[in-house]
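The structure under discussion appears below in the form of C-alpha cells.
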Amino acid sequence: MTPNEVIAKVKNLPAVSQAALKLVTLLERRSVCNQDIVLVLKYDNVLTAKLLRACNSPHFGFEEKISSVEQAVLILGHQQILHMVLSLAFGDAMSATLPGYAIEARELWFHSLTAAVAAEQLVKCGHPVETDLPVAFTAGLLHDLGKLALNQVIDAGAHSAIRERIIQKHLPRNAAEREVLGTDHAEVGACLLEAWNLPDEIVEAVANHHCPVTTPEPKLSAIIHVSDCLVHLIGSSLGWESYAVLADARANQALGITPVKLDGIMIEVHDSARQVERFMNLV
Ligand SMILES: [Fe+2]
Ligand SMILES: [Fe+2]
C-alpha cells in the first residue's frame, strides 16, 4: 500500500481544526504579533471555547478570569498558546487505544507530548539545527501521528506478521511495517501533514524521524529522532514496540550530543514529563 492508499482507506481520522494548523504555519514566521494569532484562533469557535475553559482551569491558577482570546494570548504568550491549542486540537484523537500497536489509551498522547518537550529542550540547548521552538514542538508532538491512520489497516494477520519480523529478523518497528504493509507510520504521518499544508520542515521531520537526515548538515528529523529515542529511554513506553526502536548514533554526533550532555538532557526531559502529565489533564 502507498501512504495515500492508507489514508483513503481510513475512516474516522481526526477532524483537525484549521485554526490550529494555521497557527503552526503562522508561528513558523518570526515576526508574528498577538493580533495575528487572535485573528486565526477566532475562526474556530469550538477551539476558542475550549481554550478559554482550559485557561481558567486550576492548573494555571490565574486570579483574574480570562474571558477573551486577546487576554489569553497576552497572558500566556505565543509558545504556551501553541502548546494549548495543539493539545486541544489533537489530544482526544491521540489518546485513543491503538490495538495495531498494542498501545493503551493515552499512551501515545503522553509519548508525543514528552517528545515535543524533549525537542524544545534540544533546540534550547543550541544544537545546530536552524529551527524555532514552535516548529520543534509541533514536529515532536505529531511525529507518530501516522500510527492513528496505520492502526486502522493493521488487522490481526498484519499485526502478527510485523511482530514476527521484529522478533525473528530483529527489524525495527518501522522497517517491519514497510515489509508487511508497503509503507510505515512515518511516511503516512508525513503524507497527512503535507495534505494539511503544514511547513515542509515539519513534514521532513516526521517523514524521517526513524532515519534522520544528518548530512551535509543535520535537519529537524535529527532532533526529533533523538527526542523520540530519549522519550523511550525515560520510560514513556509504547507497549512492546519500545523494544523495536533503533537509535541512530549519527544523529547524536551530528547534533554534538555527547553521552554527558545526553544525561543532562534526559534529566530535564524526565522532570518535564511530570509537567506534561499535569498538562494532559487539561485535555
Ligand atoms: Fe515513530
Ligand atoms: Fe515515537
Side-chain angles (χ1 to χ4, degrees), residues 3 6-7 10 86-87 90-91 93-122 136-154 158-159 162-163 165-166 171-194 198 202-213 219-248 251-252 265-266 269-270 272-273 276 280:
V6 172
I7 292 167
V10 161
L86 288 182
S87 299
F90 290 97
M94 290 177 76
S95 295
T97 304
L98 305 182
Y101 285 88
I103 290 176
E104 302 290 335
R106 287 171 86 79
E107 275 185 355
L108 179 63
W109 183 228
F110 182 66
H111 171 81
S112 304
L113 267 176
T114 319
V117 170
E120 273 189 339
Q121 197 60 41
L122 285 167
F137 182 88
T138 307
L141 191 76
L142 301 180
H143 75 278
D144 277 334
L145 184 80
K147 288 180 179 174
L148 291 185
L150 214 52
N151 172 63
Q152 296 193 31
V153 298
I154 300 177
H159 187 265
I162 290 169
R163 196 182 155 97
R165 278 163 176 77
I166 291 171
L171 290 182
R173 166 85 203 199
N174 60 306
E177 285 176 358
R178 272 201 307 279
E179 274 208 14
V180 173
L181 304 166
T183 185
D184 65 21
H185 67 273
E187 203 177 29
V188 172
C191 195
L192 270 173
L193 299 184
E194 204 169 19
L198 283 189
I202 296 175
V203 175
E204 183 282 326
V206 172
N208 298 319
H209 75 271
H210 288 295
C211 48
V213 177
K219 291 204 171 193
L220 184 56
S221 54
I223 295 257
I224 301 305
H225 177 75
V226 174
S227 309
D228 188 29
C229 294
L230 268 179
V231 170
H232 281 285
L233 275 177
I234 65 163
S236 161
S237 98
L238 287 178
W240 52 263
E241 76 157 287
S242 279
Y243 302 103
V245 174
L246 191 68
D248 185 339
N252 289 28
I265 295 168
M266 271 175 73
V269 173
H270 185 269
S272 312
V276 164
M280 278 171 73

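Order of listing sets the numbers, starting from 1, for every ligand and every atom in it. When a residue number appears, it is its place in the shown sequence, counting from 1.
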Review point. Name of the D228 N, O or S atom nearest the Fe ion (ligand 2)?
Key: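 It is OD1 of D228.
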Exercise for review: Give a yes or no on whether a salt bridge exists between E179 and R165, defined as a side-chain N under 4.0 angstrom from a carboxylate O.
Suggested key: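 The answer is yes: the pair qualifies as a salt bridge.
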Check your understanding: Between T114 and W109, does a side chain to side chain contact (heavy atoms under 4.5 Å, CB included) hold up when you go through it step by step?
Key -> CA-CA 8 Å; T114 319; W109 183 228; over 6 Å; no
Review point. Have H210 and D248 got a donor and an acceptor in their side chains that come within less than 3.5 Å?
Key: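 No.
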Review point. With respect to the Fe ion (ligand 1), what is the nearest N, O or S atom of H209?
Key: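 Going through the N, O and S atoms of H209 one by one, NE2 ends up nearest to the Fe ion (ligand 1).
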Practice item. Quick one: report the N, O or S atom of D144 that is nearest to the Fe ion (ligand 1). Key: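 In D144, the N, O or S atom with the shortest distance to the Fe ion (ligand 1) is OD1.
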Review point. Is the Fe ion (ligand 1) less than 2.8 Å from at least one N/O/S atom of H143?
Key: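 Not a single backbone or side-chain N, O or S atom of H143 is under 2.8 Å from the Fe ion (ligand 1).
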Point to revise | Non-hydrogen side-chain atoms of H185 and L148 separated by less than 4.5 Å | key: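 Counting from C-beta outward, H185 and L148 never come under 4.5 Å.
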Check your understanding: Short question: side chain of H209, backbone of H225 - any donor-acceptor pair under 3.5 Å?
Key ->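 Not at all, since once roles are kept as given, no pair shorter than 3.5 Å links the two residues.
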Check your understanding: Short check: any N/O/S atom of H232 below 2.8 Å from the Fe ion (ligand 2)?
Key ->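 Not a single backbone or side-chain N, O or S atom of H232 is under 2.8 Å from the Fe ion (ligand 2).
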